[in-house]
Amino acid sequence: MTGLTAEQKKTLDELIGQYGISLDRSESESEIRKSIEEKSETLGIKKGNFRALAKAVWKGQQEAMRQDISDQLDLFELYGDFEREHVKKRCVAQKARRRSHARRNGGAAMSVATI
């Protein structure tokens, strides 16, 4: 990079000053948002939930957010149904293994540690 002219140095200095002012404003706004989020907790609302709602309202995307949440809930329920069925099958298999083990060992029950 070549050297800067006096005019370019002045412009660079102004840009750095403006950038610093912008960073100060961003930091202040961030602190304000954090304070608002903390106040939402006094209403019994989790900060993350409040933040998501406030952003959706600000962007005018409440309906899209509702649909996303509904889709996520459907997925959790679908997985929960799968998981319950999987656990039920696993329990049945464990009972069968215990009975088989007990028969092989002359009726001795299988300890929890062996399961």
Side-chain angles (χ1 to χ4, degrees):
M1 181 175 174
T2 61
L4 298 174
T5 65
E7 186 64 31
Q8 289 172 324
K9 287 178 184 179
K10 182 180 176 191
T11 300
L12 177 60
D13 189 51
E14 289 171 1
L15 292 173
I16 290 171
Q18 290 173 5
Y19 196 83
I21 291 169
S22 176
L23 289 173
D24 288 341
R25 281 195 311 258
S26 291
E27 189 174 300
S28 294
E29 288 298 324
S30 178
E31 290 171 7
I32 290 169
R33 283 191 300 275
K34 189 179 286 187
S35 171
I36 293 168
E37 291 169 2
E38 288 171 0
K39 288 178 185 174
S40 75
E41 287 188 314
T42 66
L43 301 173
I45 301 168
K46 292 180 181 178
K47 286 190 276 189
N49 292 341
F50 172 79
R51 186 181 317 113
L53 174 62
K55 285 181 180 180
V57 170
W58 179 70
K59 292 178 177 180
Q61 295 179 342
Q62 298 96 305
E63 198 53 46
M65 184 178 184
R66 274 192 194 98
Q67 186 59 52
D68 286 348
I69 291 169
S70 177
D71 292 346
Q72 288 177 18
L73 182 57
D74 289 346
L75 182 59
F76 272 92
E77 288 172 353
L78 177 68
Y79 180 74
D81 292 344
F82 165 77
E83 186 178 36
R84 280 188 291 278
E85 187 61 31
H86 182 69
V87 167
K88 187 189 296 183
K89 287 178 183 176
R90 189 173 52 220
C91 287
V92 168
Q94 286 175 345
K95 285 179 186 177
R97 279 195 303 273
R98 276 186 247 140
R99 283 193 300 269
S100 173
H101 181 68
R103 273 185 255 128
R104 282 193 310 265
N105 293 322
M110 197 169 158
S111 74
V112 175
T114 2
I115 297 175

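Along the sequence shown, residues are numbered consecutively beginning with 1.
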Please round to the nearest 0.5 Å and tell me the distance separating atom CG of L12 and atom CD of Q8.
9.5 Å
My understanding is that a hydrophobic cluster links ILVMFWY residues whose side chain heavy atoms are under 4.5 Å apart, including indirect links. Using that, what else belongs to the cluster containing V57?
L53
Taking F50 as the starting point, is it possible to reach W58 by hopping between hydrophobic residues whose side chains are less than 4.5 Å apart?
no
Residues D68 and Q72: side-chain donor-acceptor under 3.5 angstrom
no
With sequence neighbours left out, what residues match I69 under side-chain contact (heavy atoms from CB on, under 4.5 Å)?
M65
Test item: S100 side-chain N/O and A96 main-chain N/O as donor-acceptor pair under 3.5 Å
no
Apart from F76 itself, which Ile, Leu, Val, Met, Phe, Trp or Tyr residues share its cluster (side-chain heavy atoms under 4.5 Å, direct or through members)?
none
Let me have the donor-acceptor pairs involving side chains of residues 20-33, under 3.5 Å, with sequence neighbours excluded, atom names and distances please.
from : atom 1 : to  : atom 2 : distance (Å)
S26  : OG     : S22 : O      : 3.2
S28  : OG     : D24 : O      : 3.1

Roughly how far, to the nearest 0.5 Å, is the CZ atom of R90 from the CZ atom of R97?
9.5 Å
Could you note down all residue pairs passing salt bridge (Lys or Arg N to Asp or Glu O under 4.0 Å) where residues 36-55 supplies at least one of them, sequence neighbours left out?
E37-R51
Quick one: name the residues clustered hydrophobically with L73, using the 4.5 Å side-chain heavy-atom rule over I, L, V, M, F, W, Y, and just say none if it's on its own.
none
Determine whether L15 and Y19 fall in the same hydrophobic cluster, where Ile, Leu, Val, Met, Phe, Trp and Tyr are linked whenever their side-chain heavy atoms lie under 4.5 Å apart.
no
Working to the nearest 0.5 Å, report the span between NZ of K95 and SG of C91.
6.5 Å
Is a side-chain donor-acceptor pair under 3.5 Å present for S70 with R66?
no
